S.K.: 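The structure follows.
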Amino acid sequence: MAVEELVAKNVADALKDLYGVDIKEETINPQPTRKDFEGNLTVVVFPFLKASKKSPEETAREIGEWILKHDSAIEKFNVVKGFLNISISPKYWVTRLNDIAADKKFGLKEADDKSELVMVEYSSPNTNKPLHLGHVRNNLLGYSLSEILKANGYKVVKTNIVNDRGIHICKSMLAWKKWGNNATPESAGKKGDHLIGDYYVEFDKHYKKEVEDLMASGKTKEEAEAESPLMLEAREMLRKWEAGDPEVRNLWKTMNEWVYKGFDETYKRLGVDFDKIYYESETYLEGKDLVLKGLEDGYMYRKDDGSVWADLTADGLDNKLLLRSDGTSVYMTQDIGTAKLRYHDYPIDKMIYVVGNEQNYHFQVLSLLLDRLGFKWGKDLTHFSYGMVELPEGKMKSREGTVVDADDLIDSMITSAKEASAERFADMDKAEAEEVARMVGLGALKYFLLKVDPKKNMLFNPKESIDFNGNTGPFLQYTYARINSVIRRAGEFPEEVSETVVPNEKESALIQKVAEFPGVVAEAGKNYSPALIANYCYDLAKEYNQFYHDYPILKEEDKDVRDLRLVLSQVVARTLKSGVSLLGMEMPERM
């Protein structure tokens, strides 16, 4: 039994015996005692005053005295106003340590036949450009959320929707036709996604020039953008694509294959994957059919220009375009079709979309439209909305070619890790040093992006993320490697800790910190927050390093104490590894 459950049970029993009230244990929520007060766990007694009909201090004192009398695991208590601070017996912590050491999957639940199925959508790239820093945060959040949900006992399907059709794709295709000279990734010596991204930028440069020239001739900006020959040609290409024009379709397939190959390389380097990939080119027609059915049933309306809209003003929103006047689809239409296909393919209990907060309105609309179209699960979809990420230099603008490329970012992080760790790699062969540098560079990137509350905008500082002494991935990795070094040098390893040994205050606190891991995993799953895992791991590593600095392990002469410190070190290492694995991080065995 976890110590929180132990205390909650004692408090519930005390309330029943003292005041004759039945309160469910799960509603009693003991929290770790603040460091400036004595105790391990704190219970707030204000909710019990109606039953006790006494002051907060007297109620807390009576409950504390009752628990002290009835459970030997409780060593003492103190009262601060309406807060009951409970100190657990050091001997309890030895038993708890042995239980944790025996549980190889401590803190992690496994799905079974009764587990709910959650689908998590993340990444959602366009095939007109490579992945960038914003995609990196999206992918890492989506992958981490999926792993956290698995650790909470859910079945999880990781899915991706590739936006492989639309005007933006045609822009790259048209630019390649005009200025590409039949270039291929091989002939250009570039990854396919980078090559196509170059032509997207090329299109934008020529388009802007056309708009400037038209405005110089007396056109308004709106008129110039509408009359741009290049944009008109791109729109014509989109219409041909939707009509199934063989030449356009063949070029589209060829260029998309180049991009997919490039994406796969980046996903592999990031350490993220998917169970199912959907393509907008295969889902938009489903959405289009549903919209037209909604039009027939009176849920949508058609304007004079032929475009189809949904009136959402009764729900506090506005009118939403679903089909353009030329019959082509918008993103919303595609999302409707994709949702239908997903629920057809899988018995989904919950659908989570990992998409930036600039799309909050989009998912409000999607939820309402799916519900209106008769899909009962429409209102139950979850938009995991997260903030934007920037570099110290400022925002990214992909159409201007100043995007922070994901591959370049990964390369620079690994290079920085090599430079920062050169002395640590001195006794490693080249292959091992390269592998550790990769783990450290990517660990720094992942941890820095995930330790921040996902709802917040953030500034990613690559230099700060590599620091081995701060709240960083490399600090956690170095702590893990340090513990492994101790365990390797220990030789014979104890199976368990003697029940006779009495841990000191620091050891007890460290065991308690490890014991909090299942609760942190549960809270992270409930709140969709990898940041809770990241910051717990940092606190655990920080506490361990203080313990390591203050107390000998291998040089401890008392065998029972030495065994306790070795087992404690081992469970800290294992918990750190389990925790950061939920962030997609890897741990080097030595550094």
Side-chain angles (χ1 to χ4, degrees), residues 121-144 160-164 166-169 171-172 175 185 188 190-205 255-256 258-274 277 280 331 353-359 362 384-416 441-442 444-450 452 454 456-465 530 584:
E121 176 197 288
Y122 59 97
S123 197
S124 307
N126 297 327
T127 57
N128 64 321
K129 55 190 174 184
L131 303 178
H132 55 61
L133 176 56
H135 289 117
V136 172
R137 190 181 195 197
N138 178 290
N139 278 279
L140 297 182
L141 283 170
Y143 180 85
S144 180
N160 185 1
I161 174 69
V162 178
N163 298 303
D164 64 340
I167 191 66
H168 52 295
I169 310 301
K171 289 177 183 179
S172 295
K190 288 188 173 184
K191 284 176 75 218
D193 51 333
H194 288 243
L195 180 68
I196 302 309
D198 290 345
Y199 290 110
Y200 183 64
V201 173
E202 191 71 19
F203 177 95
D204 198 60
K205 288 178 181 176
M255 294 178 71
N256 274 349
W258 294 345
V259 175
Y260 299 150
K261 187 176 179 182
F263 283 170
D264 287 346
E265 290 179 32
T266 308
Y267 288 141
K268 185 175 180 180
R269 297 186 76 194
L270 276 177
V272 303
D273 58 8
F274 307 95
I277 297 179
E280 184 184 348
Y331 275 123
Y353 294 86
V354 181
V355 182
N357 56 19
E358 78 278 9
Q359 293 293 326
H362 177 91
F384 176 54
S385 173
Y386 64 90
M388 296 297 98
V389 57
E390 296 176 7
L391 288 170
E393 291 77 16
K395 294 182 178 179
M396 303 172 297
K397 298 177 182 178
S398 61
R399 271 179 279 183
E400 295 179 9
T402 56
V403 64
V404 181
D405 179 77
D407 294 306
D408 291 343
L409 180 60
I410 292 169
D411 288 340
S412 70
M413 293 301 297
I414 294 173
T415 299
S416 296
L442 282 168
L445 173 66
K446 293 178 180 183
Y447 184 84
F448 205 96
L449 291 179
L450 294 175
V452 178
K456 295 180 179 178
N457 291 341
M458 68 168 296
L459 189 71
F460 174 59
N461 189 324
K463 292 179 181 178
E464 185 182 332
S465 71

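All of these numbers come straight from a predicted model, not from anything done at the bench. In what follows, every heavy atom counts, from backbone to side chain, and hydrogens, waters and symmetry copies are set aside.
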S.K.: To check you understand the geometry: which heavy-atom pair defines the closest contact between Gly356 and Tyr386, and what is its length?
M.R.: N-CE2, 3.2 Å

S.K.: For Pro530 and Leu141, which heavy atoms make the closest approach, and how far apart are they?
M.R.: CG-CD2, 4.2 Å

S.K.: Could you go step by step and tell me if Glu464 and Leu459 meet the side-chain contact (heavy atoms from CB on, under 4.5 Å) rule?
M.R.: CA-CA 11 Å; Glu464 185 182 332; Leu459 189 71; over 6 Å; no

S.K.: Does a side-chain heavy-atom distance below 4.5 Å link Asn457 with Glu390?
M.R.: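 They are not in side-chain contact.
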
S.K.: Name all residues meeting the salt bridge (Lys or Arg N to Asp or Glu O under 4.0 Å) criterion together with Asp198; count only those two or more places apart in sequence or in a different chain, and write none if there are none.
M.R.: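 Salt bridge (Lys or Arg N to Asp or Glu O under 4.0 Å) check on Asp198 returns Lys190.
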
S.K.: Counting only N and O atoms by type, is there a donor-acceptor contact under 3.5 Å from the side chain of Asn138 to the main-chain atoms of Ser123?
M.R.: yes

S.K.: Donor-acceptor check, side chain of Arg137 to backbone of Gly387, threshold 3.5 angstrom: yes or no?
M.R.: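 Flag set: sc Arg137 to bb Gly387 pair under 3.5 Å.
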
S.K.: Hey, are the side chains of Lys446 and Val272 touching, using non-hydrogen atoms and a 4.5 Å cut-off?
M.R.: no

S.K.: Quick one: closest heavy-atom pair of Asn160 and Ser124, and the distance?
M.R.: OD1-N, 3.0 Å

S.K.: Do the side chains of Met413 and Ser465 get nearer than 4.5 Å, heavy atoms only?
M.R.: yes

S.K.: Closer than 3.5 angstrom, by distance alone: can the side chain of Asp405 be matched with the main-chain N or O of His132 as a donor-acceptor pair?
M.R.: no

S.K.: Measure the spacing between CG of Asn128 and CG of Asp164 and express it to the nearest 0.5 Å.
M.R.: 11.0 Å

S.K.: With side-chain contact (heavy atoms from CB on, under 4.5 Å) as the test, would you mind laying out the steps for Val404 and Phe460 before giving the verdict?
M.R.: CA-CA 11 Å; Val404 181; Phe460 174 59; over 6 Å; no

S.K.: Please name the pair of heavy atoms, one in Val136 and one in Ala406, separated by the smallest distance, quoted to 0.1 Å.
M.R.: CG2-CB, 3.6 Å

S.K.: Side chains of Asp204 and Lys171, heavy atoms from C-beta outward: is any pair under 4.5 Å?
M.R.: no

S.K.: Would you please name every residue forming a ring pair (Phe, Tyr, Trp, His ring centres under 6.0 Å) with Tyr122, sequence neighbours left out?
M.R.: Phe274

S.K.: Sequence neighbours excluded, which residues qualify as side-chain hydrogen bond (donor to acceptor under 3.5 Å, both in side chains) partners of Tyr447?
M.R.: Asn471

S.K.: What is the distance from atom OG1 of Thr266 to atom NE2 of His194, rounded to the nearest 0.5 Å?
M.R.: 5.5 Å

S.K.: Measure the shortest side-chain to side-chain distance between His168 and Thr127 over non-hydrogen atoms and say whether it is less than 4.5 angstrom.
M.R.: no

S.K.: If the condition is side-chain hydrogen bond (donor to acceptor under 3.5 Å, both in side chains), which residues does Ser144 pass it with, not counting sequence neighbours?
M.R.: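 So Ser144 forms no side-chain hydrogen bond (donor to acceptor under 3.5 Å, both in side chains) with any residue.
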
S.K.: Once ring pair (Phe, Tyr, Trp, His ring centres under 6.0 Å) is applied, do any residues pair with Phe203, and if so which ones, sequence neighbours excluded?
M.R.: none

S.K.: Once rounded to the nearest 0.5 Å, what's the spacing between atom OH of Tyr200 and atom CD1 of Ile169?
M.R.: 8.5 Å

S.K.: Please round to the nearest 0.5 Å and tell me the distance separating atom CE of Met458 and atom CG of Leu449.
M.R.: 5.0 Å

S.K.: Can you tell me how far CZ of Phe263 sits from CD1 of Ile277, rounded to the nearest 0.5 angstrom?
M.R.: 10.5 Å

S.K.: For Tyr199 and Leu195, work out which heavy atoms get closest and say how close.
M.R.: CD1-O, 3.2 Å

S.K.: Say you draw a straight line from CG of Asn126 to CG of Asp193; how long is it, rounded to the nearest 0.5 Å?
M.R.: 12.5 Å

S.K.: Do you know the tightest heavy-atom contact between Pro125 and Leu131?
M.R.: CB-CD2, 3.6 Å

S.K.: Under the ring pair (Phe, Tyr, Trp, His ring centres under 6.0 Å) rule, collect the residues that match up with Tyr260, sequence neighbours excluded.
M.R.: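 For Tyr260, the residues satisfying ring pair (Phe, Tyr, Trp, His ring centres under 6.0 Å) (neighbours in sequence not counted) are Tyr279.
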
S.K.: Is there a donor-acceptor pair under 3.5 Å between the side chain of Lys129 and the backbone N or O of Ser172?
M.R.: no

